[in-house]
K.L.:
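Below you'll find the structure I mean.
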Amino acid sequence: MVMEQLSGSGCGVKRASPSAQCGTGGVILSDWRLRRWAVSPLALTIVAFWLRIPATMLSLSVNIDHVATLRQARLESFPDPVQAAAAVELGGADGITVHLRQDRRHITDRDVELLRATVKTELTVEMAAVDDLVRLMTRIRPDQVTLVPELKTEVTTTNGIDLLKERIRLEPVVKRLKKARIRVSLFIEPDTAQIEAAGRLGAEVVELNTDRYSRGWNRGTRLLDELTSAGKTAEKAGLQVHVGHGLDYRNVVPILENRVAAGYSIGFAVVARAVYTGLQGAVVEMKRIMEVYS
Ligand code: PXP
């Protein structure tokens with residue numbers, strides 16, 4: 001999926017040109033035609049673009065719903081997810097994600113408004129495709145909306161949206177969000193028919209549901225293979241590939257090794273670890289794991 005970068009420890013140039021070598025300190029080019037490009041990162045970027053070598057850009061968006069869950073457990077004003085978002089960003093996260101549920105059981109409208117004003121990275125709002133939330137988002141304008149199915153009785157999101165069944169309802173929602181210049185992601189099962197339907201709906205991103213994988217990841221490779229193949233299919237369809245649900249510090253590693261996705265949406269494991277390490281430290285640890293594969 002993603003080839004190695006031209007700089008850093010990756011050896012992408014080797015594939016691009018047999019006469020070029022690379023090392024940890026950068027690229028050593030023996031070919032005179034390439035040597036003159038070796039002077040700056042900008043030149044490397046131009047070469048990568050020219051050779052159509054995509055850089056590995058892995059992003060981590062941390063879901064901070066459970067900071068709000070703790071606040072709501074006592075109907076207090078703390079811990080505040082807005083303050084938590086700042087700590088997450090200090091830890092090096094590339095984005096903040098919140099799920100604005102219809103019952104507002106954890107994240108509230110106030111949180112999303114304040115996060116929009118304060119998040120310096122990227123703000124993603126997960127939500128059901130319902131009219132009042134679409135209207136609210138076209139006003140607040142997060143960077144991305146991830147459409148998810150929502151059941152009143154569920155503890156957390158369980159399945160991906162069935163795009164084959166929901167197409168007629170989702171089409172106008174995707175259009176309205178895109179018109180407001182919000183990137184649209186669809187949370188789906190790692191399944192070819194669902195991925196193709198996401199492309200037809202005009203989504204820019206698919207988030208592959210890793211719930212089943214995260215429960216059975218250490219019992220054979222079937223679930224990982226399924227995700228890997230879905231990631232490839234989505235990428236071929238021109239979709240950005242994200243993964244999320246149930247990922248933690250251990251089960252994320254095979255997904256990274258297989259270069260399944262560029263975007264990682266991880267919440268519970270990071271917030272749970274933060275109880276011991278602090279939020280910033282918990283994010284630093286996750287980023288450190290991801291950086292091995294960047
Ligand atoms: N992606 C989606 C669509 C979700 O609904 C959730 C949970 O809110 C996550 C990712 C994060 O899952 P977890 O909290 O298990 O890391």
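Every number for a ligand or one of its atoms is a count from 1 in the order of the listing.
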K.L.:
Could you check whether Arg105 pairs with Asp65 (Lys NZ or Arg NE/NH1/NH2 to Asp/Glu carboxylate O, under 4.0 Å)?
P.N.:
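Looking at Arg105 and Asp65, the cut-off is not met.
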K.L.:
Side chain or backbone of His66 under 4.0 Å from ligand 1, or both, or neither, by non-hydrogen atoms?
P.N.:
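It is neither; nothing of His66 touches ligand 1.
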K.L.:
Return the residue, atom name and 0.1 Å-rounded distance of the protein heavy atom closest to atom 16 (O) of ligand 1.
P.N.:
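Checked against all protein heavy atoms, atom 16 (O) of ligand 1 sits closest to Gly267 N, 2.8 Å.
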K.L.:
Among the heavy atoms of Thr146, does any lie under 4.0 Å from an atom of ligand 1?
P.N.:
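No.
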K.L.:
Taking non-hydrogen atoms only, is Asp65 closer than 4.0 angstrom to ligand 1 via side chain, backbone, both or neither?
P.N.:
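For Asp65, the contact with ligand 1 is made by the side chain alone.
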K.L.:
In terms of residue, atom name and distance, what is the protein heavy atom nearest to atom 12 (O) of ligand 1?
P.N.:
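Answer for atom 12 (O) of ligand 1: His245 CA, 3.5 Å.
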K.L.:
Is Phe268 touching ligand 1 with its side chain, its backbone, both, or neither, if touching means heavy atoms under 4.0 Å apart?
P.N.:
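Both backbone and side chain of Phe268 come within 4.0 Å of ligand 1.
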K.L.:
State yes or no: are the ring centers of Tyr264 and His242 separated by less than 6.0 Å?
P.N.:
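For Tyr264 and His242, the ring centres are not under 6.0 Å apart.
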K.L.:
Considering only the protein, which heavy-atom contact is closest to atom 2 (C) of ligand 1, and what is its distance?
P.N.:
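Ranking protein heavy atoms by distance from atom 2 (C) of ligand 1, first comes Glu126 OE2, 3.1 Å.
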K.L.:
Here's a test for you: under side-chain hydrogen bond (donor to acceptor under 3.5 Å, both in side chains), which of Arg116, His106, Arg71, Arg104 qualifies with Asp111?
P.N.:
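That would be Arg71.
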K.L.:
Which atoms of ligand 1 sit under 4.0 Å from any heavy atom of Val148?
P.N.:
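Reading through ligand 1 atom by atom, the close ones are 3 (C).
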K.L.:
Please check if the number of heavy atoms outside Arg169 that lie under 6.0 Å from its CZ is greater than 12.
P.N.:
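Check passes, neighbour count above 12.
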K.L.:
So with a 6.0 Å cut-off around CZ of Arg222, is the heavy-atom count from everything else above 12?
P.N.:
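Check fails, neighbour count at 12 or below.
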K.L.:
Going by heavy-atom distance to atom 11 (C) of ligand 1, choose the closest among Ser265, Ser61, Ala272.
P.N.:
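Nearest option to atom 11 (C) of ligand 1, by heavy atoms: Ser265.
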K.L.:
Should the pair Arg110-Asp80 be classified as a salt bridge under the 4.0 Å nitrogen-to-oxygen rule?
P.N.:
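Salt bridge between Arg110 and Asp80, a charged N being under 4.0 Å from a carboxylate O: yes.
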K.L.:
With no hydrogens and no angle check, just 3.5 Å: does a side-chain donor-acceptor pair link Gln144 and Thr146?
P.N.:
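Distance-only check passes for Gln144 and Thr146.
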K.L.:
Does Gly246 come within less than 4.0 angstrom of ligand 1, counting non-hydrogen atoms of the residue?
P.N.:
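Per 4.0 Å heavy-atom rule, Gly246 contacts ligand 1.
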K.L.:
I'd like to check whether Gly244 has a polar contact with ligand 1, where a contact means an N/O of the residue lying under 3.5 Å from an N/O of the ligand.
P.N.:
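The answer is no, given that Gly244 and ligand 1 share no N or O pair closer than 3.5 Å.
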K.L.:
Give yes if a backbone or side-chain nitrogen or oxygen of His99 is under 3.5 Å from a nitrogen or oxygen of ligand 1, and no if not.
P.N.:
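Between His99 and ligand 1, no N or O pair is found under 3.5 Å apart.
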K.L.:
A cation-pi test, strictly: NZ or CZ of Arg259 under 6.0 Å from the centre of the six-membered ring of Tyr293 and no more than 45 degrees from its axis. Yes or no?
P.N.:
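No; the conditions do not both hold, so Arg259 does not lie above the ring face of Tyr293.
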